[in-house]
Amino acid sequence: DVLADSKYVFQTQAGTPFIFTGTGTGGWESALTNTLSPGDKVVTFRYGQFSHLWIDMMQRMGLDVTVIDRPWGEGADESILQDILSKDKDKKIKAVAVVHNETTTGARSGSTAACNSAGAAIVCTSTRNSRGSVLGYVLN
């Protein structure tokens, strides 16, 4: 069964994977529109073309996006993210968005710290080209 076997790929026992047929951009839009509403606060990083495009989509959807610009090719800085999330005492940040493997610059960003730091926030991770190919990547 494809869905049952995909639990191994996502390293989950409890999660419910599903198959989305469409482009990576369609996956982003689906994830954002089905989990967030206009005005919701999102924290994300810009460090390549795909993260730039994801930010553009979030802004066009009316999300309140805090963008942390990084040198292209360096990826997300988990210590900056942890600092921002620790200061969100009222839990107004609804989501953290990270492009895991930014193919336009070769930057790879860890998502484990985002997951561990996010608290009540949703973690949206674009893993379209890295989920089954980057060793050691496990979303807890």
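Below, all heavy atoms of this structure are taken into account, side chains as well, without hydrogens, waters or symmetry copies.
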How many angstroms lie between atom [atom1] of [X] and atom [atom2] of [Y], to the nearest 0.5 angstrom?
X	Y	atom1	atom2	result
Met57	Leu32	CE	CG	7.0 Å
Ser86	Leu81	OG	CG	9.5 Å
Thr25	Trp54	OG1	CH2	11.0 Å
Leu53	Met58	CG	CE	10.5 Å
Asp77	Gln82	CG	CD	9.0 Å

Side chain [X], main chain [Y], donor-acceptor under 3.5 Å:
X	Y	result
Thr44	Val67	no
Lys92	Lys89	no
Ser30	Gly26	no

* Partner of Lys94 by side chain to side chain contact (heavy atoms under 4.5 Å, CB included), out of Asp64, Asp40, Leu63 -> Asp40

* Structure fact -> Test side chain to side chain contact (heavy atoms under 4.5 Å, CB included), reference Lys87, set Ile84, Asp83, Asp90, output is Asp83

* Heavy-atom distance under 4.5 Å between the side chains of Phe45 and Arg70, does that happen here? -> yes

* **Student check: side-chain heavy atoms of Thr66 and Val42 closer than 4.5 Å** => no

* Start with the C-alpha distance between Val96 and Val98, add both sets of side-chain angles, then the distance that settles side chain to side chain contact (heavy atoms under 4.5 Å, CB included), and finish with yes or no. => CA-CA 7 Å; Val96 174; Val98 178; 4.0 Å; yes

Heavy-atom closest contact ([X] atom, [Y] atom, distance):
X	Y	result
Asp88	Ile93	OD2-N, 2.9 Å
Trp28	Phe50	CH2-O, 3.3 Å
Tyr47	Pro71	CB-O, 4.0 Å

* To do: Look at the rings of Trp72 and His52 and say which category their plane angle falls in: under 30° parallel, 30 to 60° tilted, over 60° perpendicular.
  => tilted

* To do: Check the pair Val43, Ile68 against side chain to side chain contact (heavy atoms under 4.5 Å, CB included), reporting the backbone distance first and the verdict last.
  => CA-CA 8 Å; Val43 175; Ile68 303 152; 3.7 Å; yes

